[in-house]
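Comments concern the structure below.
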Amino acid sequence: MSAEPSERYNPREMEPHWQEVWDKAGAFVTKEDNARERYYVLEMFPYPSGRIHMGHVRNYAMGDVLARFERSRGKNVLHPMGWDAFGLPAENAAKQGNVHPAEWTYQNIANMRAQLKSMGLSLDWSREFATCDVEYYTQQQKLFLDMLEKGLVSRRKSKVNWDPVDNTVLANEQVIDGRGWRSGALVEQRELDQWAFKISDFAEDLLAELDNLPQWPEKVRTMQRNWIGRSEGLRVLFEIAPNDKTSETVLDIFTTRPDTLYGASFMALSADHPLTTALAAKDPGMAEFVAECHRLGTATEIIEKAEKKGYFTGIHVKHPVIEDIVLPIYVANFVLMDYGTGAIFGCPAHDQRDFDFARAYGLPIIPVVLPEDKQAGTFMTEFAESDEAYTGPGRLFNSGPLDGMDVDTAKNTMATTLENRTVGGKPQGARKVNYRLRDWGISRQRYWGCPIPVIHCDNCGIVPVPSDDLPVKLPDDVSFDKPGNPLDHHPDWKHVACPECGQTARRETDTMDTFVDSSWYFARFTAPRATTPTVPDVADAWLPVDQYIGGIEHAILHLLYSRFFARAMRETGHMQVKEPFKGMFTQGMVTHETYKAEDGNWMLPSDIIIESSGGTRVARDANSGSPVVIGPYEKMSKSKKNVVDPDEIVKTYGADTARWFMLSDSPPERDVEWSESGIEGASRFVQRVWRLVNEAKVRIDAGSERLGDKASALALTRAVHKTTANVETELAGLRFNRAVAMIYELTNVIGKFMSDLKDEPCLSEISALRLAINNLVQLFAPMMPHLAETCWQALGNSGLVCDAPWPEVDQAYLVEDSVTLPVQMNGKKRGEITVPAGASEAEIIKQALSLDVVVRMLDGKEPKKVIVVPNRIVNVVA
RNA sequence: GCGGGCGUGGCGGAAUUGGUAGACGCGCCAGACUCAAAAUCUGGUUCUGGAAACAGAGUGUCGGUUCGAUUCCGACCGCCCGCACCA
């Protein structure tokens, strides 16, 4: 099959053809026994919602360009695809449509696979898997058991974020502004037995290694750093003054400012602190205050506005470094139980929250840090009138032995002092590094997830499922008509004999958070059919992923969990690599104009007609003709109906056109604006290239017998080599938009060359044209692979362009033998001169000064100075 | 509040280490081809003045360094994103 010259290029015919050719040739099946350098490119695998969207098209187009490009550069490329297939939508579909989650999911996968195949991606489909495949989650259960054995999994009663709409637990990372990330429901706090991965064991390493990921966006690294939230400080034991309300004798607090201890004026406990709970049991007023704190919730708006409130416990602690001073203990609504020890000391002068609290309750405010440029007296006076705590640097004062020290020295000195004292037989102070990062709770009360392979036995406690008994398979016969977890109310699934004592026991009915599934799939792709989670040697050979591409929305959750999993898999012997992704790229979103009808309803782009006259665009309803308001570009979303269906685009314009458009114009990390005229422009280029190739073919076939070296032929050859070198650099750096621009430029150059070509060209012109047109095809081949194959064949090349090596760049052609230099007068361009490449400075100056405009402006005077930057510029200073 | 990023024509965006601002695309204007339209091709398109040659201004604002600044420095203005009572 081949397209006739002079016909329009027909992607609908050619694209399926080449897809079949690649498929039959097994062109993109990755071989292990391949001596070439390995290159692993991976795009975040999709959730099988049923249809791909333009965001997928952009993501996979980028990955595919890299895969094809690196392949042509001689690498052994791994470019796999799979499905992040567990999750709640399948269960919701089951509830609504009476379809089994498995059926729904696999049907969606089939649809989306067909859509992805129509894009012509160079994927190794032989490695495809879905995380809901038994073969995959069996291996995940093995990993879980290995991690359990290594002490990387914990089970404890803990406060969890409970989503009352989805009826399940959420990880902290899945709570956004106090609401569930999927349901948007206000999250409640509940106490449950939970399985958790001990990600906090790796906090330090996860933080430190961020510095060794130079190919990650700075933004993502910063976000992870903040999330891990390391802070160095001191645990301090405060002695509780003897009293009759509690039997406790010490209060354990965490502070990062031990230097300000001389400014302490109160202590504050979290509403959930054990001491609070004990005291509230006997104090109804306090119990009411605690309840009030819980009602406040965690929503951002509320926290921002909430006043600092407290409740005095009636007890005091002794000041650790000032004799005969006691400090009152409050329960305060701004102290968090899950950070530090859930208790703090308050130094109002140097912490804004403490300041506000002290103001509200009439507590002393004692400044102990003096800004470097202030006198103690004036600072005290100014400070008394201020509403702000001073949190900057300075020297200690009002602080006895610390007076005169800078903040860091004072911190250290105080730490050492307290380390050397004891309270109740323990050191009063202990240096401690605290992290915000908390363990990753993975228990979910759901059916469509990976079962947690443990058994609860009344005699033996928690018993791991023996590996011979794996997999713990999900039962097929489940009902979704009752609220709660279908696994829990399944008639017999959970009832099993204890593997240890044989007595009646219960299976764990919780399944794993679906983020577990996506935390190691990149490793599984290296040996997707192995009967172990990985084949360690193979995983180590491929990993880390050279280039990972996906959305910024996974900057914390997925990427942090994956980094943890790599470490956990290392500890359990499944691989050596601890950083899973060497290069990370976060691509921007696809946006589209929004359209609103007169009645205020959003309208689909396909339901409107846009007319433009004299630069103004007017939209109206395609059916009724009534006017439609054109709104700004926003992220494509179903709710605003500003979506374009990739299937329709592929049918109308072809995959190559869609890919080309997605890669041109906008830098890949920025949002791209989808527009009708944009896709039309891309389509125009496809046809233009096709015409150009056919015209070139006619000229080349006609040949020539005239000898001769034409300057235009040399210029074209230079342009080809230069563009090849530049496109290579840009593609390697993922600057697809710049590569596209250069290819356009070269196309223009070739077009110009052809229209200038005489009826009887000489040999040098024909061979320059042959090189140019073939190279052009190769340059755009990673982006528009079908068109490239068609052109490649039409030009009479043998084999597939996807197998052809990247064109060679001859450095000799990159060196120009004459240069055009701009000539500036006082920094403003006035003209230009052309000089031989090796021209001396004196020559250049002489030529520049003889320019008409320079002579005129100098008006007979000598220039003050002439600056010559070789190969760049000449500047005449008058 | 803290952290990260960004401000360039009508629009998306280009501009190596400071060296011709506006590549390339979209849009628009004019012309060619056509009975006509579509498609295609050619030319033009930062702004102001001018028929043109040309001159002046110009990369958010103000200032600085420099022969020369979109690029470096300082102050400000505006926008986007992330985090946020983390002691």
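Remember, predicted model here, so these are calculated numbers, not experimental data. Labels below follow one simple rule: chain letters A, B, ... track the order of the sequence lines, proteins then strands, and each chain is numbered from 1.
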Measure from CD1 on A/Ile329 to P on B/A87 and round the result to the nearest Å. 21 Å

Heavy atoms only, 4.0 Å cut-off, all strands: where does A/Val823 land among base, sugar-phosphate and nothing? nothing

Please classify the nucleic acid contact of A/Asp354 as base, sugar-phosphate, or nothing, using heavy-atom distances under 4.0 Å. nothing

Mind checking what makes salt bridge (Lys or Arg N to Asp or Glu O under 4.0 Å) contact with A/Arg684, not counting sequence neighbours? none

The residue, A/Asn826 or A/Thr341, whose nearest nucleotide of RNA chain B is more 5′ is A/Asn826

Give A/Arg684 one of three labels, base, sugar-phosphate or nothing, depending on what nucleic acid heavy atoms sit under 4.0 Å from its own. sugar-phosphate

For A/Tyr744 and A/Trp660, I'd like to know if the aromatic rings sit close, meaning centre-to-centre distance below 6.0 Å. yes

Taking A/Tyr330 as the fixed residue, which of A/Tyr311, A/Phe289, A/Phe357 is the one that meets the ring-ring contact (aromatic ring centres under 6.0 Å, His included) rule? A/Phe357

All side chain to side chain donor-acceptor pair (under 3.5 Å) counterparts of A/Asp351, not counting sequence neighbours: A/Arg353

Kindly state each residue pair satisfying salt bridge (charged side-chain N to carboxylate O under 4.0 Å, His left out) with at least one member in residues 218-238 of chain A, sequence neighbours excluded. A/Glu204-A/Arg230, A/Asp211-A/Arg225, A/Glu218-A/Arg221, A/Glu218-A/Arg225, A/Arg230-A/Glu232, A/Arg235-A/Asp252

Partners meeting salt bridge (Lys or Arg N to Asp or Glu O under 4.0 Å) with A/Lys722 (sequence neighbours left out): none

Just checking, is any N or O donor in the side chain of A/Gln587 or A/Arg670 under 3.5 Å from an acceptor N or O on the other one? no

Which whole number of Å gives the distance between the P atom of B/G10 and that of B/G3? 35 Å

So if I take every side-chain heavy atom of A/Tyr744 and compare against B/G25, B/A23, B/A87, which nucleotide ends up nearest? B/G25

Determine the interplanar angle of the A/Trp440 and A/Tyr561 rings, folded into 0 to 90°, and report it as parallel if under 30°, tilted if 30 to 60°, perpendicular if over 60°. parallel

Nearest whole Å is fine: how far is B/C54 P from A/Met825 CE? 16 Å

For the CG atom of A/Leu269 and the CG atom of A/Asp272, what is their distance to the nearest 0.5 Å? 11.0 Å

Under a 4.0 Å heavy-atom cutoff, the residues of residues 587-594 of chain A touching RNA chain B are none

Syn if the chi torsion is within 90° of 0, anti otherwise; quick check, which is B/G9? syn

Sorted by chain and residue number, the ring pair (Phe, Tyr, Trp, His ring centres under 6.0 Å) partners of A/Tyr653 (sequence neighbours excluded) come out as none

At under 4.0 Å between heavy atoms, what does A/Phe254 touch on the DNA or RNA strands: base, sugar-phosphate, or nothing? base

Please give, in whole Å, the distance from B/G27 C1' to A/Glu673 CD? 13 Å

Any residue of residues 864-875 of chain A with a heavy atom less than 4.0 Å from an atom of RNA chain B: A/Lys865, A/Ile867, A/Val869, A/Arg872, A/Ile873, A/Asn875

Integer-rounded Å distance: B/A84 P and A/Asp338 CG: 12 Å

One pair to check against side chain to side chain contact (heavy atoms under 4.5 Å, CB included): A/Arg718 and A/Leu814. What are the steps and the verdict? CA-CA 6 Å; A/Arg718 283 189 195 286; A/Leu814 302 184; over 6 Å; no

A/Asn726 CG to B/A14 P: how many Å, rounded? 15 Å

Can you list the residues that meet the side chain to side chain donor-acceptor pair (under 3.5 Å) rule with A/Tyr595, with sequence neighbours excluded? A/Glu593

What are the two closest non-hydrogen atoms of A/Met414 and A/Pro258, and how far apart are they? CG-O, 3.3 Å

Pick the C1' atom in B/U48 and in B/A75, then give their distance to the nearest Å. 31 Å

Aromatic centroids of A/Phe661 and A/Trp674 separated by under 6.0 Å: yes

Rounded to whole angstroms, how far apart are OH on A/Tyr435 and P on B/C83? 22 Å

Does A/Asn226 place a side-chain N or O at less than 4.0 Å from the phosphate oxygens OP1/OP2 of B/C2? no

Hey, does A/Gln824 reach any base, or is it just sugar-phosphate, or nothing, if we go heavy atoms under 4.0 Å? base

Do A/Asp671 and A/Thr591 meet the criterion of a side-chain donor-acceptor pair at a distance under 3.5 Å? no

On the nucleotide B/G82, are OP1 or OP2 found under 4.0 Å from the side-chain N or O atoms that A/Arg225 carries? no

Sticking with atom C1', work out how far B/G13 lies from B/U46, rounded to a whole angstrom. 14 Å

Checking A/Arg58 now: which residues fulfil salt bridge (Lys or Arg N to Asp or Glu O under 4.0 Å) with it, not counting sequence neighbours? none

Distance between the C1' atoms of B/C81 and B/C29, in whole angstroms? 39 Å

Which value, in whole Å, describes the distance between the P atoms of nucleotides B/U70 and B/G58? 10 Å

Give the rounded distance in Å between these two atoms: CZ of A/Arg688 and C1' of B/U42. 13 Å

Using the C1' atom as the reference point in each nucleotide, state the distance between B/A53 and B/G19 in Å, no decimals. 27 Å

For the base of B/A87, is there a side-chain donor-acceptor partner from A/Arg257 under 3.5 Å away? no

So if I take every side-chain heavy atom of A/Asn737 and compare against B/A23, B/C41, B/A14, which nucleotide ends up nearest? B/A14

Could you list the donor-acceptor pairs under 3.5 angstrom formed between side-chain atoms of residues 746-754 of chain A and any protein atom two or more places apart in sequence or on another chain?
unit_1, atom_1, unit_2, atom_2, d
A/Thr747, OG1, A/Ile743, O, 2.6
A/Asn748, OD1, A/Arg688, NH1, 3.4
A/Asn748, OD1, A/Arg688, NH2, 2.6
A/Lys752, NZ, A/Asp756, OD2, 3.2

When we call it a touch if two heavy atoms are under 4.0 Å apart, what does A/Arg230 touch: a base, just sugar-phosphate, or nothing? nothing

What's the gap between B/G68 and B/C72 when it is taken at their C1' atoms, as a whole Å value? 13 Å

Can you tell me the distance, in whole Å, between the CG atom of A/Asp671 and the C1' atom of B/C6? 12 Å

Hey, can you pull the residues of residues 656-670 of chain A with a non-hydrogen atom under 4.0 angstrom from RNA chain B? A/Asp665, A/Ser666, A/Pro667, A/Arg670

Using atom P in both nucleotides, what's the gap between B/U42 and B/C47 to the nearest angstrom? 23 Å

Considering every strand and a 4.0 Å limit on heavy-atom distances, what is the contact class for A/Asn748: base, sugar-phosphate, or nothing? sugar-phosphate

Taking only side-chain nitrogens and oxygens of A/Arg691, does any of them come within less than 4.0 Å of OP1 or OP2 of B/C41? yes

Using Watson-Crick and G-U wobble pairs with both distances under 3.5 Å, what is the 5'-to-3' dot-bracket string of RNA chain B, with [ ] for crossing pairs and | for pairs outside the strand? (((((((..(((......[....)))((((((.......))))))((((....))))..(((((..]....))))))))))))....

For B/U40 and A/Arg8 - does any side-chain N or O of the residue sit under 4.0 Å from the phosphate oxygens OP1/OP2? no

